[in-house]
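Since the structure is predicted, the reported quantities are computational estimates derived from the model, not experimental observations. Order of the sequence lines fixes the chain letters, A, B, ..., with proteins taken first and strands second; residue numbering starts at 1 for each chain.
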There are 2 protein chains.
Amino acid sequence: MEQQELVKLSDKQRELIEKLGVIMEKTGWSPASSRVHALLTVADRFELTFDEIREALNLSKSATSNALSFLQRLSVVEYITKPGDRKRYFRITADRVMDHLRERLKNIEELHQVLKEVIQQRTTKTVEYNEQLREDYSFCEFFVQKCKKIFQEWEKKKS
Amino acid sequence: MEQQELVKLSDKQRELIEKLGVIMEKTGWSPASSRVHALLTVADRFELTFDEIREALNLSKSATSNALSFLQRLSVVEYITKPGDRKRYFRITADRVMDHLRERLKNIEELHQVLKEVIQQRTTKTVEYNEQLREDYSFCEFFVQKCKKIFQEWEKKKS
DNA sequence: TTTTTGGTTCTGCAAATTGAGAACTAAAAA
DNA sequence: TTTTTAGTTCTCAATTTGCAGAACCAAAAA
């Protein structure tokens with residue numbers, strides 16, 4: 001019979017949750033997922049239980065559960081357990097920013113792939129425009145390759 | 001009294017419009033905007049009038065108008081006019097891929113900025129996690145800086 | 001074996017988004 | 001001056017999304 005859990009948040013923390021939340025919403029996450037992620041990022045304890053999260057953000061169980069599944073599917077959040085404790089402790093996965101960017105790079109790789117097909121099927125009459133497209137295509141390639149290098153370089157730097 | 005305009009699209013072109021469309025929807029564009037953009041990318045003529053666009057995609061005037069305004073606001077699409085012709089000819093703006101990526105980089109810069117605030121307000125008790133956050137922060141910085149270099153390098157390469 | 005805990009899934013509603021169709025507008029043409 | 005053209009804006013209906021609340025479930029505790 002445990003007493004009421006509580007995650008105390010300062011005004012500054014609440015403000016940061018909103019700011020971070022909006023940034024992640026812009027990348028396509030739902031409001032609830034964005035805020036759960038933000039809460040785990042700013043809270044004083046960085047491992048929070050399901051109920052602590054839902055209480056701190058005033059979410060329903062379903063919203064909390066769905067947000068957590070979503071974030072876990074993206075490998076942005078993981079959970080640990082503690083011996084003799086049935087609860088899960090959710091926390092931000094390390095390296096999440098880099099992984100997130102890697103994920104977004106995939107979108108550009110998709111674009112690159114489709115641009116190739118577009119170029120292949122284009123009429124040869126629009127010479128200048130085709131040149132433009134080829135340039136976009138090469139740029140995608142260049143960019144993706146360079147980004148991968150950036151990731152590698154960073155990993156080397158860390159080790 | 002001009003005859004019916006027509007933008008002929010092959011099956012392959014229609015397929016590519018859908019593929020490209022989905023990719024752009026993933027970045028947050030509406031279905032209609034994504035398809036207008038895709039049409040302008042794959043059509044044999046790369047400058048199309050309002051009515052050609054709406055007819056080729058079976059859109060309403062309002063959907064066409066809104067999609068075009070949206071794309072013009074992003075500077076992804078522009079229009080030209082021809083002497084003695086009242087119609088506007090819409091087309092894809094050059095360098096759109098790079099500009100699009102630049103735009104997305106801003107999101108990371110925002111994240112970088114907020115991470116700084118998060119770090120400043122964090123309890124000093126979660127030593128390891130704070131280290132992780134600082135690393136994310138530095139990585140953002142590293143990445144943004146490197147990306148800007150990539151853009152510069154590409155521009156130099158072109159000229 | 002029943003109850004409690006920690007969460008997931010289902011149902012349904014409210015709000016936001018999207019786009020159709022009609023009304024509108026400004027400029028050019030007749 | 002009226003009509004036509006080229007496009008914009010308004011209104012509304014149809015989806016879509018996001019989440020609350022309730023029902024549900026499996027494992028542990030009682």
Side-chain angles (χ1 to χ4, degrees), chain A residues 1-5 7 17-18 21-22 24-40 47-74 77-91, chain B residues 1-5 7 17-18 21-22 24-40 47-74 77-91:
Chain A
M1 236 79 317
E2 207 166 322
Q3 68 160 99
Q4 162 91 341
E5 299 126 306
V7 178
I17 288 173
E18 290 313 308
V22 169
M24 297 322 287
E25 279 186 50
K26 281 193 206 163
T27 76
W29 295 3
S30 73
S33 300
S34 302
R35 269 147 202 81
V36 169
H37 172 259
L39 171 67
L40 290 172
E47 285 166 347
L48 300 181
T49 66
F50 188 96
D51 269 328
E52 286 172 336
I53 293 168
R54 70 152 289 207
E55 193 235 340
L57 297 176
N58 263 297
L59 288 174
S60 67
K61 280 179 130 195
S62 64
T64 309
S65 176
N66 288 327
L68 284 171
S69 323
F70 171 80
L71 293 170
Q72 288 175 91
R73 227 178 312 121
L74 293 190
V77 160
E78 61 189 359
Y79 68 82
I80 55 151
T81 49
K82 303 187 178 186
D85 187 344
R86 212 132 65 78
K87 294 198 245 4
R88 293 173 193 169
Y89 290 80
F90 296 93
R91 66 180 185 192
Chain B
M1 233 72 321
E2 208 167 321
Q3 68 160 99
Q4 163 91 340
E5 298 126 306
V7 178
I17 289 174
E18 290 314 308
V22 170
M24 297 321 288
E25 277 186 52
K26 282 193 207 164
T27 76
W29 295 4
S30 73
S33 299
S34 300
R35 267 145 203 81
V36 169
H37 172 259
L39 171 67
L40 290 172
E47 285 166 346
L48 300 180
T49 66
F50 188 95
D51 269 327
E52 286 172 334
I53 293 168
R54 70 153 289 207
E55 193 236 340
L57 297 175
N58 263 300
L59 289 174
S60 67
K61 281 180 130 195
S62 65
T64 309
S65 176
N66 288 328
L68 284 170
S69 321
F70 171 80
L71 293 170
Q72 288 175 91
R73 226 179 312 119
L74 293 189
V77 160
E78 61 188 0
Y79 68 82
I80 55 151
T81 49
K82 304 188 176 184
D85 188 343
R86 210 129 71 73
K87 293 197 246 1
R88 293 173 192 170
Y89 290 80
F90 297 93
R91 66 180 186 193

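- You'll find that the side chain of B:Phe50 is closest to D:dG7, out of C:dG6, D:dG7, C:dG21.
- Under the side-chain contact (heavy atoms from CB on, under 4.5 Å) criterion, A:Ser30 pairs with A:Ala32, A:Ser33, sequence neighbours left out.
- Looking at the side chain of B:Pro31, the nearest of the listed nucleotides D:dG18, C:dT18, D:dA6 is C:dT18.
- Toward the 5′ end of DNA chain D lies the nearest nucleotide of A:Trp29, the other residue of the pair A:Trp29 and A:Lys61 mapping further downstream.
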Checking side-chain contact (heavy atoms from CB on, under 4.5 Å) for the pair A:Glu47/A:Lys82: CA distance, chi angles, key distance, verdict? CA-CA 11 Å; A:Glu47 285 166 347; A:Lys82 303 187 178 186; 4.2 Å; yes
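- A:Phe90 has its CZ atom 8 Å from the C1' atom of C:dG7, to the nearest Å.
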Give me, pair by pair, the N or O atoms of the protein and of nucleotides 11-16 of chain D that are less than 3.5 Å apart, along with how far apart they are.
none

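- Rounded to whole angstrom, the span from the CG atom of B:Asn58 across to the P atom of C:dG21 amounts to 10 Å.
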Under 3.5 Å, N/O pairs linking protein and nucleotides 28-30 of chain C:
residue: C:dA28; atom: O4'; partner: B:Arg86; partner atom: NE; Å: 3.4

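- Side-chain contact between A:Leu59 and A:Val36 is present, with at least one heavy-atom pair separated by less than 4.5 Å.
- Looking at the side chain of B:Leu59, the nearest of the listed nucleotides C:dG7, D:dG21, C:dA20 is C:dA20.
- Between its two ends, the helix from C:dT1-D:dA30 to C:dA30-D:dT1 turns its axis by 10°, counting five pairs per end and rounding to 10 degrees.
- Rounded to whole Å, atom C1' of D:dC19 lies 12 Å from atom CZ of A:Arg54.
- Taking 4.5 Å as the limit, some side-chain heavy atom of B:Val22 sits within range of a side-chain heavy atom of B:Arg35.
- Following rounding to the nearest Å, A:Ile53 (CD1) and C:dG6 (P) show an atom-to-atom distance of 14 Å.
- The phosphate of C:dC10 (OP1 or OP2) has no side-chain N or O of A:Ser62 nearer than 4.0 angstrom.
- In this structure, the NZ atom of B:Lys87 is 5 Å from the P atom of D:dA6, given to the nearest Å.
- Taking atom CG on A:Asp51 and atom P on C:dT8, their separation rounds to 11 Å, with Å as the unit.
- In this structure, A:Arg35 does not reach the D:dG18 phosphate: none of its side-chain N or O atoms is under 4.0 Å from OP1 or OP2.
- Residues meeting the salt bridge (Lys or Arg N to Asp or Glu O under 4.0 Å) test with B:Arg88, sequence neighbours left out: none.
- The phosphate of D:dT8 (OP1 or OP2) has a side-chain N or O of B:Arg88 nearer than 4.0 angstrom.
- For the pair A:Leu74/A:Phe70, a side-chain contact is recorded, criterion being any heavy-atom separation below 4.5 Å from C-beta on.
- Heavy-atom distances under 4.0 Å link DNA chain D to B:Ser65 of residues 64-72 of chain B, given in residue order.
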